[in-house]
Structure formats: structure tokens, C-alpha cells
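Report on the structure given below.
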Amino acid sequence: MLMSSDGSTIIVDMYRTDKFGDYDQVPNGTITKYIYDSVTLKWEHGGTIEKIEKRPDRDEYLGVGTTINGDGSVIAFGSPRYDGLDGHVLIYNFPDTAATQIMTSDTQQAGAAFGTR
């Protein structure tokens with residue numbers, strides 16, 4: 001779990017869960033954003049990023065090695081078992097409830113588990 005430096009956003013990375021937040025033996029992985037509402041004084045659900053469906057039968061460990069920028073609008077995270085053990089890193093613009101992928105970085109080295117901490 002990560003908090004933005006201004007304290008307004010929390011990112012929860014759950015690499016062994018399905019899209020419903022339940023434990024999954026084939027770790028799909030989800031990343032969920034929560035935004036603090038200073039009017040209601042409550043944490044509100046701010047959106048979810050789910051596993052990239054390249055190989056739905058294979059675990060990707062999406063959400064390993066997650067980091068967040070100062071105001072919580074950009075996050076980067078790994079998926080070290082994407083495409084076997086090659087892995088990749090994804091960067092998303094996540095200013096509100098809609099996340100937009102802005103970059104993917106893959107490795108050409110087989111078995112590198114790129115995207116781990």
C-alpha cells in the first residue's frame with residue numbers, strides 16, 4: 001500500500017487477488033485507488049486497474065513493485081510474470097477514477113522477471 005505525499009490518495013496493490021478482491025490461486029492482480037474526500041471526511045473508491053489478459057491461465061503478479069507520484073495522479077507497477085517470467089512495467093495516468101495507460105516497458109531478456117521491486 002502506498003500513500004501520495006500530499007496524503008490525498010492511497011494505492012493498494014494486491015497481486016494475489018482477482019477483480020473482485022478475493023484471493024486467487026492464479027494471481028491475477030489488481031491495483032485499487034482510494035481518494036480522500038475532505039468534505040465528507042471519507043475515503044472513496046477511485047478506480048481499479050486489473051490484470052492484462054495476455055494469458056488468463058497464467059499468473060502475472062500485477063502490482064508488484066508499485067510506486068506513486070506526489071499527488072497520486074501517476075502510478076507505475078510491475079507485472080514480473082507477464083509472458084512467462086519475462087515481465088514488464090506499466091505506467092498509468094490515474095488523476096481521478098479513470099486510469100489511462102501511458103507507457104509499457106518490456107525486457108528482451110527471457111526469465112528476467114522485469115517489474116519486481
Side-chain angles (χ1 to χ4, degrees):
M1 181 170 74
L2 302 160
M3 180 179 278
S4 62
S5 62
D6 67 3
S8 66
T9 303
I10 295 174
I11 299 293
V12 180
D13 49 352
M14 302 175 290
Y15 67 90
R16 291 196 68 95
T17 62
D18 63 17
K19 65 183 178 180
F20 304 108
D22 295 326
Y23 175 79
D24 190 357
Q25 290 205 306
V26 178
N28 291 311
T30 60
I31 296 176
T32 303
K33 179 177 183 174
Y34 296 92
I35 304 167
Y36 187 71
D37 186 326
S38 60
V39 175
T40 64
L41 305 178
K42 294 182 180 182
W43 287 96
E44 304 290 337
H45 184 264
T48 299
I49 299 171
E50 298 174 7
K51 174 184 175 179
I52 296 81
E53 293 292 333
K54 183 166 184 172
R55 292 285 308 269
D57 62 322
R58 186 175 287 171
D59 56 348
E60 292 182 14
Y61 283 75
L62 180 126
V64 171
T66 304
T67 190
I68 184 174
N69 73 336
D71 68 0
S73 64
V74 178
I75 62 169
F77 53 90
S79 186
R81 291 191 178 181
Y82 177 84
D83 200 18
L85 286 176
D86 296 349
H88 69 184
V89 173
L90 300 106
I91 301 174
Y92 276 77
N93 189 22
F94 206 167
D96 47 36
T97 60
T100 305
Q101 185 175 338
I102 56 176
M103 191 182 113
T104 301
S105 180
D106 295 314
T107 182
Q108 300 302 313
Q109 184 176 351
F114 189 62
T116 56
R117 298 184 196 273

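Residues: numbered from 1 along the sequence shown. Side chains included, hydrogens not; waters and symmetry mates left out as well; all remaining heavy atoms used.
Here I11 contributes atom CD1 and T66 contributes atom OG1; the two are 8.5 Å apart, rounded to the nearest 0.5 Å. Distance CD1/I10 to CD1/I68: 9.0 Å, rounded to 0.5 Å.
Shown here are the side-chain contact (heavy atoms from CB on, under 4.5 Å) partners of I35, two or more places apart in sequence or in another chain: K33. Annotation: side chain to side chain donor-acceptor pair (under 3.5 Å) contacts of S73 (sequence neighbours excluded): N69, D71.
Looking at T9, its side chain never comes within 3.5 Å of a backbone N or O of G72 through a donor-acceptor pair.
Side chains of I91 and V74 form a contact here, defined as non-hydrogen atoms less than 4.5 Å apart.
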> How far apart are the C-alpha atoms of I31 and I75, what are their side-chain angles, what is the distance that settles it, and do they pass the side-chain contact (heavy atoms from CB on, under 4.5 Å) test?
Replying inline: CA-CA 10 Å; I31 296 176; I75 62 169; 3.8 Å; yes
> Going through the distances and angles, do E44 and Y34 end up as a side-chain contact (heavy atoms from CB on, under 4.5 Å)?
Replying inline: CA-CA 5 Å; E44 304 290 337; Y34 296 92; over 6 Å; no
> How far apart are the C-alpha atoms of L41 and Y36, what are their side-chain angles, what is the distance that settles it, and do they pass the side-chain contact (heavy atoms from CB on, under 4.5 Å) test?
Replying inline: CA-CA 7 Å; L41 305 178; Y36 187 71; 3.3 Å; yes
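Note: F77 and Y92 have parallel aromatic rings, judged against thresholds of 30 and 60 degrees for the angle between ring planes.
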